[in-house]
Amino acid sequence: MSVVAPVPAAGDLAVGQPQPPARRGRRFRRPRVWTTAIFALSALFFLVPLVSAFKFALQESSGKHGFGNFTQVFQSAPLRSSLITSLEIAGITAVVTLVLMVPTVIWVRLRLPKLSLLMEGVTILPIVIPPVVMAAGLTQLQGKAPAWLANLLFTSPITALTPFYVILALPLTYRALDTGARAIDLQTLVEASRNLGAGWPATIMRVVLPNIQTALFGAAFLAIALVLGEVVISSFLLYTTFPVQLIQEGQAQPGVAVALSLCSIFFTFLLLLALSFLGGRRRGMTRVGVL
Amino acid sequence: MATGGTTAPQLTAPTGPVARKRRGAGRLRGDWLGVAPFFAYVLVFLGLPLYMVLHGAFTNANGGLTFSNFSATFKYAQYPAAFRSSLILSAWTALIGAVFGTWFAAAVLTTSPRNPLRRVVTSASGVLAYFGGVPLAFLFIASLGTFGMVTLFFKNQLGIDLYAHGFTITSLFGIGLTYCYFQVPLMVILMTPALEGLQPQWREAVESLGGSQWSYLRHVAIPVLTPAFLANLLVLFGNSFAAYATALALVNGTVPLVPSLIQATLNGNVLVGQTNVGLALGVEMIAVIMVVMILYGFIQVRARRWQR
């Protein structure tokens, strides 16, 4: 080896700050073959089911081709009502999550930073306890709870599912909010605001919340997406939410179920993409906490 | 709450050590009140179902304390068989997801940071990894089901009848294939930060010492990434082990996996009077995932050494 690569400038040696790949100097010949191979493989594995599903969904039950399966959600009453139920639960879950978690996250970062580890541990619990086990516990609760509790919780899908969906979403929502709160210098912002004479409500509403806006959107969105897809708990408790209805639909009219599946994947994708633009102004690669 | 409590200590000069101490103690108690709603919420809404599972698992038909539910999960062949197939399914889908996910993430990172492909991959991975569930099942029914597009393509264009050769989308293999559709994207999400942590200077160092691409991989990239890879492999394993939505939608739960056995015992239409055995299975699932998480914790400590 006769050619020596240019010595990087002293600043480049600082470890820890992400650097763009060096543009100067001789580079390795990148093994293009490997990169191309994995892109081709992934395209095959990920696009084929999507394309097949689209073709499948275009076949109407009458045998014709068209978008009838896609518009079915507006015509079928059970589908529509289940979607409305799911949207209601999703909205309330997002609100409850924010009301519960935003003050908690801010509080922990400002006053109890030592509690971060415990918070991480507690918010990871819903992952340790699989949805199916949670659902099993809830069916037991549904069957054995005293009358007042059963009346309070299990008479409507909203009161029955929302409180537990907030828990189920915690691993995602807490991380989204915590990442947002870590990204700003919360302590200094609050001190500055307080020193300038702002009260606590003004500090929170006009200084803290606007600064963690992306995290708020991210957390709310993650909660909504999780609720719209959750099926194990609702089917165990026999509530007809949108995914439960989707499965039932799949047995009678698979075309409709496939069409709606495509739509839900596509809309979630668009929302995540929009979210990545919202938070992506500062860094090259976006992170909504967990993403 | 104490006004101005968070201002820097050097600005609000304390009036003597005693006053400072008393104020500190009072604040500490107040501080805990701030997180009380959160812990109360978790205690009630996570604690209640968890208590019902634990209580049921350790209770016999007469309401007495017993371990017989747990011994039953080892006595009847169907339960260990379900655990075996759940563990095998989780292992191979995790391994495939981890290998291809890492490879794919590395390939994506060779593109320019401004390439729109990155944003698309991140968002798409998020959708598939976290929110797929039921819709993913329908994608695979549409492509590899009995009347799926890929199945028909193989049959009509290539003359190969997949279903005549023993393939079904409702088999464990079919379910595993569907699981890979969310396992690979999850690995992409999990491995990207670790891959970004590889400093270009390291590559340059190998280069200027006369090393090849292979020696960079062999002596730098692979050793640095191994802990993160193993930790994320465990996450994928746990993810697959706990997953049920996709299987529920694919085969309506009639598959010998632990979650569907739990459902069968709860419904009582297949296995009557076995509810508490089902709850014991649930406790065993929690135990498996706890072991996985503890291992994850140990490896993660090592992995963080190279990530800053």
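Because the structure is predicted, anything quoted here is derived from the model rather than measured. Sequence lines set the chain letters: A, B, ... in the order given, protein chains first and strands last, and positions in each chain run from 1.
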Checklist entry - Does A:Leu260 reach the side chain of B:Phe138, with side-chain heavy atoms less than 4.5 Å apart? => result no
Checklist entry - Is the closest side-chain heavy-atom distance between A:Leu115 and B:Trp32 below 4.5 Å? => result yes
Checklist entry - Aromatic rings A:Phe46 and B:Tyr181: how do their planes relate, parallel, tilted or perpendicular, breaks at 30° and 60°? => result tilted
Next on the checklist: The criterion is ring pair (Phe, Tyr, Trp, His ring centres under 6.0 Å); which residues satisfy it with A:Phe221, sequence neighbours excluded?
Outcome noted: none
Checklist entry - Under 3.5 Å, is there a donor-acceptor pair between the side chain of B:Tyr41 and the main chain of A:Pro163? => result yes
Checklist entry - Is the closest side-chain heavy-atom distance between B:Leu136 and A:Ile265 below 4.5 Å? => result yes
Checklist outcome for this item: Residue set satisfying side-chain contact (heavy atoms from CB on, under 4.5 Å) with A:Pro254, at least two apart, ordered chain then number -> A:Phe56
Checklist entry - Contact part of A:Leu186 toward chain B, heavy-atom cut-off under 4.5 Å: side chain, backbone, both or neither? => result neither
Item to check | Under 4.5 Å from any heavy atom of chain B - which part of A:Val227 | outcome: neither
Checklist outcome for this item: Closest non-hydrogen atoms of B:Ile286 and A:Pro130, given as atom of the first, atom of the second and distance, are CG1-CD, 4.1 Å
Next on the checklist: Side chains of A:Met134 and B:Leu46, heavy atoms from C-beta outward: is any pair under 4.5 Å?
Outcome noted: yes
Checklist entry - Taking side chain as C-beta onward, heavy atoms only, is A:Phe269 less than 4.5 Å from B:Val120? => result yes
Item to check | Nearest heavy-atom neighbours spanning A:Ala37 and B:Trp103 | outcome: CB-CZ2, 4.2 Å
Next on the checklist: Counting only non-hydrogen atoms closer than 4.5 Å, does A:Val258 touch chain B with its backbone (N, CA, C, O), its side chain (CB onward), both, or neither?
Outcome noted: both
Item to check | Residue B:Leu48 versus chain A: region with a heavy atom under 4.5 Å | outcome: side chain
